[in-house]
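What follows is a single structure, written as structure tokens, with notes after it.
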Amino acid sequence: MRITDTLSGEKVPLQPLAPDGVVRLYVCGVTPYSEAHVGHALHAIVFDVLRRYLEWRGFRVRHVQNFTDIDDKLIERANRLGVDMASLAGQNIESYLAQIKRMNVFPATEYPRVTAMVPQIIAFISGLIEKGFAYPSGGDVYYRVRRKGDYGKLSHRNIDDLLSGARIDPTELKDDPLDFALWKGAKPGEPAWDSPWGPGRPGWHIECSVMARETLGDQIDIHGGGADLVFPHHENEIAQTEAFTGKAPFAAIWMHNALLQLGAEKMSKSLGNLVTIDEALEQYGPDALRMFVLGSHYRSPSTYSDEALEAARAGAERLREAAFADDPAVTGRADAPSDSRERFIAAMDDDLNTPRALAVLFDLARDVNRGRAEGRDVSEPRALLRELAGVLGLTLAAAPAKAQEAAPFIDLLIAVRSDLRAGKQWALSDRIRDGLAELGVELKDGPEGTAWTAR
RNA sequence: GGCGCCGUGGCCAAGUGGCAAGGCAGAGCUCUGCAAAAGCUUCACCGCCGGUUCGAAUCCGGCCGGCGCCUCCA
């Protein structure tokens with residue numbers, strides 16, 4: 001499998017670095033200061049599909065996703081709400097994990113948190129100081145950006161161009177305006193940990209360097225995250241880690257998903273233009289959300305809209321019908337096996353080309369429907385359809401049967417309607433069908449009776 | 001200002017040198033008491049201009065339009 005690597009800009013073959021052959025995947029997770037939105041859902045789904053696919057292909061995967069539960073915004077919001085940072089973070093983490101589950105996203109192998117790694121972070125920073133890559137200053141510790149010549153290599157920036165950006169905080173504590181904080185001395189009202197430099201807390205980027213190293217080692221196979229993290233977060237991470245370990249590359253592949261747009265702009269917490277995961281799930285369900293995400297390549301930005309989600313929902317429904325509708329009596333022979341499996345693999349191997357992979361599923365669905373209509377045995381393509389849908393994390397489950405308790409009554413109405421139909425009482429039988437439709441229950445008359453689905 | 005991405009049918013979206021995948025929506029037909037579902041058929045010459053080539057959506061140059069990052073952010 002080949003994956004586009006942000007650092008080199010090329011599609012790079014994935015070959016596990018470690019002798020045990022385990023793929024080490026580190027994904028930058030969320031900062032749990034507020035509810036997650038569908039942009040986070042996209043991110044979670046993309047890496048979930050990567051992991052499912054790799055495992056399906058026989059790789060073992062260690063998938064680590066962090067929670068940055070020490071953070072400026074977290075502190076700010078906790079203070080505003082009058083709660084402590086840990087419980088605010090805990091709450092949001094809990095609801096994120098619940099959403100992940102509802103989206104049929106596999107839980108990561110491990111979810112490290114910054115608050116549980118402070119000693120390791122302090123040790124890491126101390127190491128950087130010893131090696132001359134960092135320096136304490138006024139209770140803070142800063143990373144010396146110009147010490148190594150390759151700063152900027154990930155985001156393809158020239159270090160001197162960054163200065164002209166002029167958005168840099170001109171702190172007198174820094175030797176160079178581009179230097180960034182590894183450790184921030186405590187201010188009043190902030191949670192703090194003891195350190196050799198006085199009470200304080202980790203800066204923003206250091207935690208990922210430490211958590212990745214603690215959980216996966218000095219060098220990893222894939223480091224993932226949203227495209228908005230390339231600079232400065234991942235740029236700083238790669239600098240710190242490679243400075244500390246003296247080994248490169250820190251990650252063989254840097255994989256970044258494009259950001260979700262809402263309307264003309266990216267969806268983001270700071271812009272306030274967002275749709276939460278709960279809202280999307282409530283309205284369209286997990287498969288529709290996933291179909292929407294997989295319908296475009298992970299590196300091209302897509303735009304969230306009701307139209308797009310509705311189309312995705314309809315597509316998921318089509319696959320579901322093909323994969324799970326009851327079979328009529330088989331009268332013909334089975335179809336010859338298709339090359340669908342190979343086409344699916346070829347698509348996914350090529351930088352996780354999920355739109356092409358989905359096209360294979362739709363082709364299979366057509367094969368199944370056609371074979372079924374012609375009375376052939378479709379068990380083989382149907383089994384493959386289910387298998388591949390599973391690799392993409394689609395449940396193809398019927399919409400949650402809200403009408404579960406109403407089922408006996410619906411069945412009764414259907415039975416009455418069948419009698420009416422037998423007596424050609426069309427007006428009455430249609431009234432039942434239309435009435436149920438208004439209640440969200442759809443009837444389908446087939447040769448073997450009437451089936452219903454509730455929405 | 002610097003770095004980068006994108007512009008394919010009504011909507012969404014693959015395709016990066018050789019007859020333009022797939023989905024949604026639409027139209028016609030089959031099936032159906034009528035529907036629904038399903039099947040079949042149908043629907044594009046790829047932002048504009050120029051160049052390279054036997055041949056370009058696909059390579060090169062220019063232009064127009066949209067977006068991202070450079071600041072907390074998946």
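Protein chains get the first letters and strands the later ones, always in sequence-line order, with residue 1 at the start of each.
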Pair assignment for [N], Watson-Crick or G-U wobble, requiring both distances under 3.5 Å:
| N | answer |
| --- | --- |
| B:U42 | B:G26 |
| B:G1 | B:C70 |
| B:A14 | none |
| B:C59 | B:G51 |

**Q.** Pairs involving residues 339-369 of chain A, ordered by first then second residue, that meet ring pair (Phe, Tyr, Trp, His ring centres under 6.0 Å) (sequence neighbours left out)
**A.**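 Listed by first then second residue: A:Trp56-A:Phe344.
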Would you tell me whether [X] and [Y] have side-chain atoms, one donor and one acceptor, within less than 3.5 Å of each other?
| X | Y | value |
| --- | --- | --- |
| A:Tyr26 | A:Asn66 | yes |
| A:Tyr142 | A:Asp176 | no |
| A:Glu237 | A:Ser209 | no |

Holding to side-chain hydrogen bond (donor to acceptor under 3.5 Å, both in side chains), I want the full list of residues that pass it with [X], two or more places apart in sequence or in another chain.
| X | answer |
| --- | --- |
| A:Thr6 | A:His256 |
| A:Trp254 | none |
| A:Arg24 | A:Asp20 |

Is the phosphate of [N] approached by [X] (side-chain N or O, under 4.0 Å from OP1 or OP2)?
| X | N | answer |
| --- | --- | --- |
| A:Ser155 | B:C70 | no |
| A:Arg318 | B:G39 | yes |
| A:Asn257 | B:A74 | no |

Whole angstroms only, please: what is the [atom1]-[atom2] distance between [X] and [N]?
| X | N | atom1 | atom2 | value |
| --- | --- | --- | --- | --- |
| A:Arg299 | B:G68 | CZ | P | 18 Å |
| A:Leu154 | B:C3 | CG | P | 17 Å |
| A:Arg343 | B:G22 | CZ | C1' | 10 Å |
| A:Leu229 | B:U71 | CG | P | 14 Å |
| A:Arg157 | B:G2 | CZ | C1' | 9 Å |
| A:Tyr304 | B:C24 | OH | C1' | 16 Å |
| A:Leu319 | B:A37 | CG | P | 15 Å |
| A:Arg431 | B:A35 | CZ | C1' | 18 Å |

Nucleotide N/O of nucleotides 8-17 of chain B paired with protein N/O under 3.5 Å:
| from | atom 1 | to | atom 2 | distance (Å) |
| --- | --- | --- | --- | --- |
| B:A13 | O2' | A:Gly295 | O | 3.4 |
| B:A14 | OP1 | A:His297 | N | 2.7 |
| B:A14 | OP1 | A:Ser300 | OG | 3.1 |
| B:A14 | O3' | A:Asn353 | ND2 | 3.1 |
| B:G15 | OP1 | A:Asn353 | ND2 | 3.0 |

For A:Glu438, I'd like to know if atom CD has over 12 heavy atoms of other residues, nucleotides or ligands within 6.0 Å.
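Incorrect, the count does not exceed 12.
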Looking at A:Lys187, I'd like to know if its NZ atom is crowded, meaning that more than 12 non-hydrogen atoms belonging to other residues, nucleotides or ligands lie closer than 6.0 Å.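 Open.
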- Task: Find which nucleotide of RNA chain B each of A:Gly225 and A:Asp363 is nearest to by heavy atoms, and output the residue with the more 5' nucleotide.
- Result: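 The residue mapped nearer the 5' terminus is A:Asp363.
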I want to confirm an ordering. Mapping A:Phe231 and A:Ala365 to their closest nucleotides on RNA chain B, which one lands closer to the 5' end?
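Mapping each residue to its closest nucleotide by heavy atoms, the 5'-most match is A:Ala365.
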Please table the atom pairs, donor to acceptor, closer than 3.5 Å between any side-chain atom in residues 423-437 of chain A and protein atoms at least two apart or in another chain.
| from | atom 1 | to | atom 2 | distance (Å) |
| --- | --- | --- | --- | --- |
| A:Ser429 | OG | A:Trp426 | O | 3.2 |

Cation-pi geometry met for A:Arg157 and A:Phe231 (6.0 Å, 45°)
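Because its charged atom sits under 6.0 Å from the ring centre and within 45° of the axis, A:Arg157 does stack over A:Phe231.
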- Task: Using a heavy-atom cut-off of under 4.0 Å over every strand shown, decide if A:Gly29 touches base, sugar-phosphate, or nothing.
- Result: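 Since only primed, P, OP1 and OP2 atoms lie under 4.0 Å of A:Gly29, the category is sugar-phosphate.
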task: Quick one: label A:Leu361 by what it contacts on the DNA or RNA (base, sugar-phosphate, nothing), any heavy atom closer than 4.0 Å.
output: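 Nothing: the residue A:Leu361, judged by heavy atoms under 4.0 Å, touches no strand.
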Say we look at [N] and [M]: how far apart would their [atom1] atoms be, to the nearest angstrom?
| N | M | atom1 | value |
| --- | --- | --- | --- |
| B:C59 | B:U8 | P | 15 Å |
| B:C69 | B:G47 | P | 25 Å |
| B:A13 | B:A57 | C1' | 14 Å |
| B:C49 | B:C11 | C1' | 28 Å |
| B:U58 | B:U52 | C1' | 14 Å |
| B:C48 | B:C64 | P | 15 Å |
| B:A20 | B:U32 | C1' | 36 Å |
| B:A56 | B:G17 | C1' | 6 Å |

Ignoring hydrogens and angles, are the base of [N] and the side chain of [X] linked by a donor-acceptor pair under 3.5 Å?
| X | N | result |
| --- | --- | --- |
| A:Arg433 | B:C34 | yes |
| A:Asp445 | B:C31 | no |
| A:Asp430 | B:G33 | yes |

Under the side chain to side chain contact (heavy atoms under 4.5 Å, CB included) test, residues paired with [X] that sit two or more places apart:
| X | value |
| --- | --- |
| A:Arg52 | A:Asp48, A:Asn104, A:Phe106, A:Arg290 |
| A:Asp350 | A:Lys11, A:Arg356 |
| A:Pro381 | A:Leu364, A:Val368, A:Val378 |

### Task
Determine the sole option in A:Arg343, A:Arg341, A:Arg318, A:Arg370 for which the salt bridge (Lys or Arg N to Asp or Glu O under 4.0 Å) test with A:Asp363 is passed.
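Of A:Arg343, A:Arg341, A:Arg318, A:Arg370, salt bridge (Lys or Arg N to Asp or Glu O under 4.0 Å) with A:Asp363 is met by A:Arg343 alone.
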Could I get a table of every N or O pair under 3.5 Å where one atom is in the protein and the other is in nucleotides 40-42 of chain B?
| from | atom 1 | to | atom 2 | distance (Å) |
| --- | --- | --- | --- | --- |
| B:C40 | OP1 | A:Arg370 | NE | 2.5 |
| B:C40 | OP1 | A:Arg370 | NH2 | 2.2 |

| RNA chain B contacts made by residues 83-95 of chain A, counting heavy atoms under 4.0 Å |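 The stretch gives none, as no residue of it lies under 4.0 Å from the strand.
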- Message: I need the residues from residues 417-426 of chain A with at least one non-hydrogen atom less than 4.0 Å from RNA chain B; give them sorted by number, or say none.
- Response: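 Residues of residues 417-426 of chain A that come under 4.0 Å of RNA chain B are, in numerical order, A:Arg417, A:Arg421, A:Trp426.
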### Task
For side-chain contact (heavy atoms from CB on, under 4.5 Å), just list the numbers for A:Glu235 and A:Tyr151, CA-CA rounded to whole Å, side-chain angles, deciding distance to a tenth of an Å, and then say yes or no.
CA-CA 7 Å; A:Glu235 190 68 61; A:Tyr151 188 79; 3.9 Å; yes
Can you confirm whether or not the ring centre of A:Phe67 sits under 6.0 Å from the ring centre of A:Tyr111?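 A:Phe67 vs A:Tyr111: aromatic centres under 6.0 Å.
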